[in-house]
Amino acid sequence: MRTAALGPEQRAAALARMAEGELDVLVVGGGVVGAGTALDAVTRGLSTGLVEARDWASGTSSRSSKLIHGGLRYLEMLDFGLVREALKERGLLLSRIAPHLVRPVPFLYPLRHRGWERLYAGSGVALYDAMSLSSGHGRGLPPHRHLSRGRALRVAPALKKDALVGALQYYDAQVDDARYVATLVRTAAGYGAHVANRARVTEFLREGERVVGVRVTDTELDGTYEIRARQVVNATGVWTDDTQGMIAERGQFHVRASKGIHLVVPKDRIHSSTGLILRTEKSVLFVIPWGRHWIVGTTDTAWDLDKAHPAASSADIDYLLEHVNSVLAVPLTRDDVEGVYAGLRPLLAGESDATSKLSREHTVAHPVPGLVVVAGGKYTTYRVMAKDAVDAAVHGLDRRVAACCTDEVRLAGAEGYHALWNARARIAARAGLHEARVEHLLHRYGSMAEEVLELVAADPALGEPLPAADDYLKAEVVYACSHEGARHVEDVLTRRTRISIETFDRGTRSARAVAELMAGVLGWTPQQVEREVENYEKRVEAERESQLQPDDRTADAARLGAPDTAPL
């Protein structure tokens, strides 16, 4: 398929086109569910728009555990339907929809008790594998295996010898969650959807009781647009209740936010060739391979403070370090922590016990004519949520509409990915880059890596790595602005790349070089470059300060000390 660029010109044109006439479907919210809904709608032949108040995936969808998984622990809750659905989606993502972005990852589950625990846990993992195969999309991942303590310690030498009597190893999958969303948006745009980030909905337009569109403010250029649509889909995640409040209607359900935090530490701090999954008194703890790093998480605590910038407190960090250190021979300290990030899960909370059971599931409602609300769910099953949302919207359209086909739609970059991967040595020689650089690009962009390499061919200086962030090329910053909708230094350092959590300086040493590269695409003045760098440095300072605070309330107050984005 033809890939769509999401540069500043295309963004302005998309807003203008959305305001010209009536759309079939307008989606509000640019996380994974909103982006997936836009792709579902446009691939059914519907005229589609997508607006996001901040940046693509700037909320929950960039702050997850970055796993695509069936939810092994939900088997223990006997939630077989949710696990089966998620395993089917995992298989589709791995094999067909996004093989360039979703990859297998092994996990080791240490056993602490002899006999009964191996039988109990082994039965659960065996059922997990069997359900994956029965979904019809489970092939391609190795089956689980039982390990003795000696074999487990050879796989994961970082573990204390007395922390296990044996182990199970099984496979799930992982994804760069923010990059996945940006690719979803580009795919939708490639099929004809009009998409714009930094476009905040300030009002729902009504005719009688019917919602007929929205009023949108362009927060970058201060323009205001009225966008009319036959059906509006509210896919705003943890902001669902706030968005619903704009139409003064009591929701059929409520969404509460649960905070989860993660730590990022260098690869050499934990000597292991596999990820880990550990039981805690409340839930489970993952140690997840992440390139040259490990991600350690997560927590699960109620959050009723600022939704845009959830803060990790000192207590959160101590909790994760305490639990992971309970099994590590060489404990982690705060000095080992490169990055910290906090995200909010949108959990369904009904007005009775009967509806509160939906927590990790999703629901779709049609509270007033012209408006569909989709909420809850988990990242892995975003495509099912999107299908259900569009199915509900179709009921409000007075014509026949094609069925969902996104199980067959490859994301931008998937087509031709395997062929390019096989040719990576030749591509590297042609581009004058190390083969590892080309592998990095293919893992992040798939076949669209060729577009990044075209920038390097036109300007060889863009083939150099970014200062203080050697994993990323300068060309990736330019590409983020010209093709992926990045508008601010934060967009690049926290979502288009992961420099903000993968370096001890949190990206501050790269910020100026990034701003100067962005200036050439976005037309910034030297003064704007300075504002962007200063704003990013204040953001990092506020986050560091919040992580020294003892509790959520003081951490939130410290994090709010930095402005959201630099003014243009």
Side-chain angles (χ1 to χ4, degrees), residues 32-33 60-61 64-94 102 104-111 117 119-138 141 143-144 168-175 177 237 253 255-260 262 275-288 297-302 323 343-350 353-364 374-385 388:
V32 70
V33 176
T60 303
S61 295
S64 73
S65 296
K66 314 198 188 317
L67 293 177
I68 298 295
H69 64 124
L72 182 60
R73 67 192 179 98
Y74 301 136
L75 283 181
E76 199 167 32
M77 304 173 189
L78 305 182
D79 201 341
F80 300 116
L82 180 63
V83 175
R84 185 178 293 107
E85 179 180 79
L87 286 172
K88 176 184 176 181
E89 294 303 308
R90 184 191 71 176
L92 280 169
L93 294 172
L94 277 165
V102 181
V105 59
F107 285 101
L108 192 76
Y109 176 70
L111 301 170
E117 189 182 16
L119 178 62
Y120 178 76
S123 298
V125 176
L127 177 60
Y128 194 64
D129 281 353
M131 291 174 72
S132 174
L133 288 170
S134 68
S135 74
H137 300 280
L141 289 182
H144 76 281
L168 297 168
Q169 189 174 48
Y170 74 97
Y171 279 76
D172 257 319
Q174 71 175 170
V175 67
D177 47 9
F253 55 86
V255 175
R256 66 177 179 86
S258 170
K259 184 181 71 169
H262 296 78
L276 305 172
I277 177 171
L278 312 170
R279 275 191 175 277
T280 70
E281 67 277 9
K282 298 177 183 177
S283 182
V284 295
L285 184 75
F286 286 102
V287 180
I288 306 163
T298 180
T299 58
D300 191 351
T301 55
H323 281 80
L344 301 177
R345 304 176 191 88
L347 301 182
L348 293 174
D353 292 340
T355 53
S356 64
K357 72 180 179 61
L358 289 169
S359 62
R360 302 286 178 173
E361 299 176 15
H362 72 272
T363 194
V364 175
V374 55
K378 56 204 290 280
Y379 198 107
T380 302
T381 56
Y382 82 88
R383 197 190 63 80
V384 178
M385 297 174 68
D388 291 349

**OP:** Kindly determine whether His362 and Val33 satisfy side-chain contact (heavy atoms from CB on, under 4.5 Å), including the steps that lead there.
**Re:** CA-CA 11 Å; His362 72 272; Val33 176; over 6 Å; no

Original post:
Going through the distances and angles, do Val255 and Leu348 end up as a side-chain contact (heavy atoms from CB on, under 4.5 Å)?
Top reply: CA-CA 5 Å; Val255 175; Leu348 293 174; 4.2 Å; yes

**OP:** Could you check Asp388 against Val384 for side-chain contact (heavy atoms from CB on, under 4.5 Å), going step by step and ending with a plain yes or no?
**Re:** CA-CA 6 Å; Asp388 291 349; Val384 178; 4.0 Å; yes

**OP:** Start with the C-alpha gap between Leu67 and Asp172, add the side-chain angles, then the distance that decides, and say whether side-chain contact (heavy atoms from CB on, under 4.5 Å) holds.
**Re:** CA-CA 8 Å; Leu67 293 177; Asp172 257 319; 5.6 Å; no

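Residues forming a ring pair (Phe, Tyr, Trp, His ring centres under 6.0 Å) with Phe286 (at least two apart in sequence, or on another chain): Phe107. Applying the side chain to side chain donor-acceptor pair (under 3.5 Å) rule to Ser61 yields no partners; only residues at least two apart in sequence or on another chain are considered.
Summarising the geometry of Pro110 relative to Ile277, their closest heavy-atom pair is CD-O, 3.4 Å, with the distance given to 0.1 Å. Heavy-atom minimum distance, Gln169 versus Pro106: NE2-CB, 3.9 Å. When all heavy atoms of Pro346 and Gly237 are compared, the closest pair comes out as CB-C, 3.9 Å. Between Ala86 and Lys378, the shortest heavy-atom contact is CB-NZ, 3.9 Å. Residues Pro104 and Leu141 share a closest heavy-atom pair of CB-CD2, 3.3 Å. Here the closest non-hydrogen pair linking Gly377 and Met385 is CA-SD, 3.7 Å.
For the atom pair His323 NE2 and Arg279 CZ, the distance stands at 12.5 Å (nearest 0.5 Å). Distance check, rounded to the nearest 0.5 Å: CD of Glu117 to CG of Leu111 gives 4.5 Å. Between the OH atom of Tyr109 and the CG atom of Leu278 there is a distance of 9.0 Å, given to the nearest 0.5 Å. How far OH of Tyr382 is from CG of Asp177: 13.0 Å, rounded to the nearest 0.5 Å. Annotation: the span from Glu89 atom CD to Leu92 atom CG amounts to 5.5 Å, rounded to 0.5 Å. In this structure, Thr60 OG1 and Lys259 NZ are separated by 13.5 Å, a value rounded to the nearest 0.5 Å.
A distance-only check finds a donor-acceptor pair linking the side chain of Thr380 to the backbone of His69 [under 3.5 Å]. Using modelled atom types, no side-chain atom of Tyr74 and backbone atom of Leu82 make a donor-acceptor pair closer than 3.5 Å. Without hydrogens or angle criteria, Tyr128 side chain to Gly70 main chain gives a donor-acceptor distance under 3.5 Å.
Counted within 6.0 Å of NZ on Lys88, heavy atoms from surrounding residues, nucleotides or ligands total 12 or fewer; the atom is thus considered open.
A donor atom on one side chain and an acceptor atom on the other are found under 3.5 Å apart for His262 and Ser65.
Looking at Arg73, Arg345, Arg256 one by one, the single match for salt bridge (Lys or Arg N to Asp or Glu O under 4.0 Å) with Asp300 turns out to be Arg345. With Arg90 as the fixed residue, the side-chain contact (heavy atoms from CB on, under 4.5 Å) test singles out one of Ile68, Thr381, Val102: Ile68.
With contacts defined as side-chain heavy-atom distances shorter than 4.5 Å, the pair Ile288/Lys66 does not qualify.
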